[in-house]
Every structure is written in C-alpha cells, then in structure tokens.
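One structure is given below, encoded as structure tokens.
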Amino acid sequence: MSEKQNHSVPPKVSNGERTGIVASRSSRLCEVWSDEDRSVFKCALRGKLWEEEGALPLVGDRVRFRVTGPGQGAIEEIFPRKTVLCRRVGEGSRTRQHRYCANVNTVVIVVAAKAPPLRPALIDRLLVTAQAERIDPVICLNKVDLDNDGEARGILRVYSDLGYKVIETSALTGEGIESLAEVLQDRLSVFSGHSGVGKTSLLKALIPGFNRRTRPVSKRSRGRHATTEVYLVRLPNGGLVVDTPGFREFTVWGVAPQDIGSYYPEFLPFAGSCTFNNCLHVHEPGCAVREAVERGEISELRYRNYLRLLETHGRP
Ligand code: GDP
Ligand code: ZN
C-alpha cells in the first residue's frame, strides 16, 4: 500500500469491502456494525435487495458491504442465515408471520417468580419453538427476591431435572446477573417473556447506562412498510442481545402437531412403546406416554401443557 494516500478519509474507509452485522433497520437504511473495528455504518439498501420483502436484511444478518463514504456503505450481500425468528403481527384473519431477526443462538425465556404470576405453559411453548428452530433455550427465573416460599423455584426444578438450563436472577438485588452474562457471552440472544417480567430491568442490570433506543412513530411509518423497533444491544462482555420493547411471543406455527411431542425430552423413552407409531399421546389406546403420566413418571403439568399446545396449534 502506498505511503502517499489521501488521508482526509481514513484508509480503511476509502474503498474497501467489509463484513458486519445488521444492528437495526429503518425503511431504507440499515445500521451495520463493522466486524473489523466495530465502527457503525449507515447502509442504503440497494434497489434489488429492497424490492422483495424476503430479501430485506434482518437485524442480526451477517452482511458484506461496500464503504461508500465516511460512516456510509451499501450492502452487497446477505450471508446465509442460521436461524430466523418470526412473530405475529396484525389481528384476527389478518394475522401473519413477520420475520424480524436472524442468526439468534439463544432464546432467554424470562419469567417472574411473582408479579406477573409464573406461567409454565408459556415456557413450554417457547421451549418447543426454540428447539424446532435449533436455538438454545435458557430459562431465566427473575424476581427470585419475591420467591420467599420457594414455590417458583420448585416449579422450575421440573425443567432443570429435564436438562434445561435454568438461571435464577433478581434485577433488583443483582443476584444471578453474572451467570446470565456468562450465558450471553459471544452469542446473539433474544429475551422473550411477558410484559412486566423484568426483561428491561435485566438489560439495565447487565449494561451500565442502558437506555432503550426508540424511534418516533410518524404517520408514514405506520403504513405498509412500517418499521419494527428491533435493535441490537452490545453487552460489556461482547455478547449481543436483540432488544424489542414489549412482549414478543414466538408461535409454534412452524412445528407440525405430530412433531411437538419430539421436543418433550421426557416423552422420548416411552413414545417408542405406544401402540400406534403416529401416536399423538392424546386418546389413543395403548399410549405409553399417557401411562407414564398416570404413573407419575412424566410431569402432569408438562403433559397438560402439551395437550394445550396441540389444541391451540396454529391458532393465533
Ligand atoms: P419488562 O416489561 O419485561 O421489560 O419488565 P420491566 O423491566 O419493565 O419490569 C417490570 C417491573 O418489575 C418494574 O417495576 C421493575 O422494577 C420490576 N422488576 C424487575 N425485575 C425485578 C426483580 O428482579 N425483582 C423485583 N422485585 N422487581 C423487579
Ligand atoms: Zn402415545
């Protein structure tokens, strides 16, 4: 490289190509964090990428981009996605699936010991979805400072006994925050759980000075190409979290009813002994899974949640 370069623009920014990760997207711009030095680039979406909804970059996408000016670039390529998360948008018959982030490695299922009350059905639903998407689930029991009688911890023991990772935290006292930070290290995670369980408080406990970014809602942005408030947040230890305000529930739409049971690890030792090999473990005669529930070898709570998942499958 010549010593006599034009130094009005730093050499790295002059005409190279870089790789990075999409940290947010507005209607026609993506914010991309460069892998090289973590600098931020506003990247315009090229016409071709922009035209098809499916081709739009998602938050979390790994991209190759061309530097077009200081802090500016153009996305050239989206690298193949490892995972894609969807959520429901719209109401009633207009409900549809909307893809909103890519390459998430870990879903942190956040529940509160109390206020709002613990709902294991939600945990089971999110566990099924995460496993179907090949995303590592972690259950975070927050507000343990309120679990004086240990009731919530007792309920969650079912999950740790099944081999799921369960972390107990209190955003209030700081308990367990280090363990949570460890789980989030060097990966892209998303927090999921009901409003009020403490997702924002946990981010604040993890990131000194955390302030949620918000975008003013204009009339225009409510239209067809309304932008979703999805941002990447960087943790002090290098992990990344997808931050979306409010409750973001995943659905089990992508999972066929006959496959739901395969994401219940405790069913597996019995399912092979059911009379019918396509047994859904509901009313079928000779169902070894149901017999195991009756003998107390499978948690009744988990089984009831399974039946509910089957029942509500595919329903908005
Ligand atoms: P989000 O809706 O999931 O983002 O929940 P927030 O972070 O807004 O928290 C909801 C409420 O729960 C707030 O009043 C918090 O102060 C409170 N909260 C959050 N974490 C804890 C905790 O660990 N213990 C207790 N006692 N309260 C908490
Ligand atoms: Zn069966």
Side-chain angles (χ1 to χ4, degrees), residues 87 107-119 122-123 126 138-153 156 166-181 189-214 229-231 233 241-250 256-295 297-298 300 302-304 306-307 309-310:
R87 65 183 175 206
V107 173
V108 183
I109 302 168
V110 186
V111 293
K114 285 203 171 80
L118 183 58
R119 280 193 40 212
L122 174 72
I123 300 179
L126 292 176
V138 174
I139 303 168
C140 174
L141 174 65
N142 190 37
K143 306 199 189 185
V144 280
D145 55 288
L146 300 179
D147 191 34
N148 301 324
D149 51 8
E151 193 188 343
R153 285 183 173 94
L156 286 200
V166 178
I167 303 175
E168 296 172 2
T169 60
S170 168
L172 194 72
T173 68
E175 184 183 341
I177 298 300
E178 258 176 48
S179 316
L180 180 59
S189 312
V190 64
F191 286 17
S192 183
H194 278 293
S195 168
V197 293
K199 299 182 295 299
T200 310
S201 308
L202 287 170
L203 280 178
K204 284 184 179 160
L206 288 162
I207 308 166
F210 172 74
N211 254 323
R212 170 160 289 132
R213 292 163 60 175
T214 52
E229 305 246 327
V230 184
Y231 299 103
V233 182
V241 175
V242 182
D243 184 36
T244 57
F247 175 51
R248 300 295 180 222
E249 189 185 355
F250 303 114
Q258 63 272 21
D259 291 338
I260 294 178
S262 67
Y263 300 112
Y264 274 69
E266 67 270 52
F267 289 8
L268 301 183
F270 304 101
S273 313
C274 294
T275 303
F276 299 102
N277 62 10
N278 58 351
C279 186
L280 280 179
H281 322 305
V282 185
H283 296 300
E284 296 90 337
C287 172
V289 168
R290 224 181 45 240
E291 286 162 12
V293 175
E294 279 156 21
R295 287 196 307 271
E297 288 168 36
I298 288 176
E300 208 177 322
R302 288 265 296 166
Y303 179 67
R304 278 205 311 266
Y306 165 76
L307 295 181
L309 262 181
L310 271 187

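A quick note: this is a predicted structure, and the numbers were derived from the prediction, not measured. First listed ligand is number 1; within each ligand, the first listed atom is number 1.
Contacts between Leu146 and ligand 1 below 4.0 angstrom, taking non-hydrogen atoms only, involve the side chain exclusively. Proximity of Asn142 to ligand 1, defined as any heavy-atom pair under 4.0 Å, is confined to the side chain (atoms from C-beta onward). Only the side chain of Asp145 comes within 4.0 Å of ligand 1, judged by heavy-atom distances.
Distance check: Ile139 CD1 to Leu156 CG gives 6.0 Å after rounding to the nearest 0.5 Å. Once rounded to the nearest 0.5 Å, the distance linking CG of Leu280 with CD1 of Ile260 reads 8.5 Å. The line from CG of Asn142 to OG of Ser170 is 6.5 Å long, rounded to the nearest 0.5 Å. Atoms CG and CG, on Asp145 and Asp147 in that order, are 9.5 Å from each other to the nearest 0.5 Å. Leu309 CG to Arg302 CZ: the interatomic distance, rounded to the nearest 0.5 Å, is 9.5 Å.
Taking every heavy atom of Ser170 and a limit of under 4.0 angstrom, the matching atoms of ligand 1 come to 23 (O). Atoms of ligand 1 lying under 4.0 Å from at least one heavy atom of Ser195, given by number and element, are 2 (O).
Side chain of Lys143 to main chain of Ala171: no donor-acceptor pair is present (N/O by atom type, distance under 3.5 Å, no hydrogens or angles). In terms of modelled atom types and a separation under 3.5 Å, the side chain of Lys199 and the main chain of Phe191 share no donor-acceptor contact.
Polar contact with ligand 1: present for Gly196 (N/O pair, distance under 3.5 Å). Some N or O of Lys143 is nearer than 3.5 Å to an N or O of ligand 1, by distance alone.
Listed by chain and number, the residues in a side chain to side chain donor-acceptor pair (under 3.5 Å) with Ser273 amount to none (sequence neighbours excluded). By the salt bridge (Lys or Arg N to Asp or Glu O under 4.0 Å) test, Lys204 is found to be paired with no residue, residues two or more places apart in sequence or in another chain being considered. Residues that satisfy the salt bridge (Lys or Arg N to Asp or Glu O under 4.0 Å) test with Glu291, not counting sequence neighbours, are absent from this structure.
Ranked by closest heavy atom to atom 23 (O) of ligand 1, the top entry among Pro116, Ala171, Ala112 is Ala171.
Within the protein, the N, O or S atoms sitting under 2.8 Å from the Zn ion (ligand 2) are Cys274 SG, Cys279 SG, His281 ND1, Cys287 SG.
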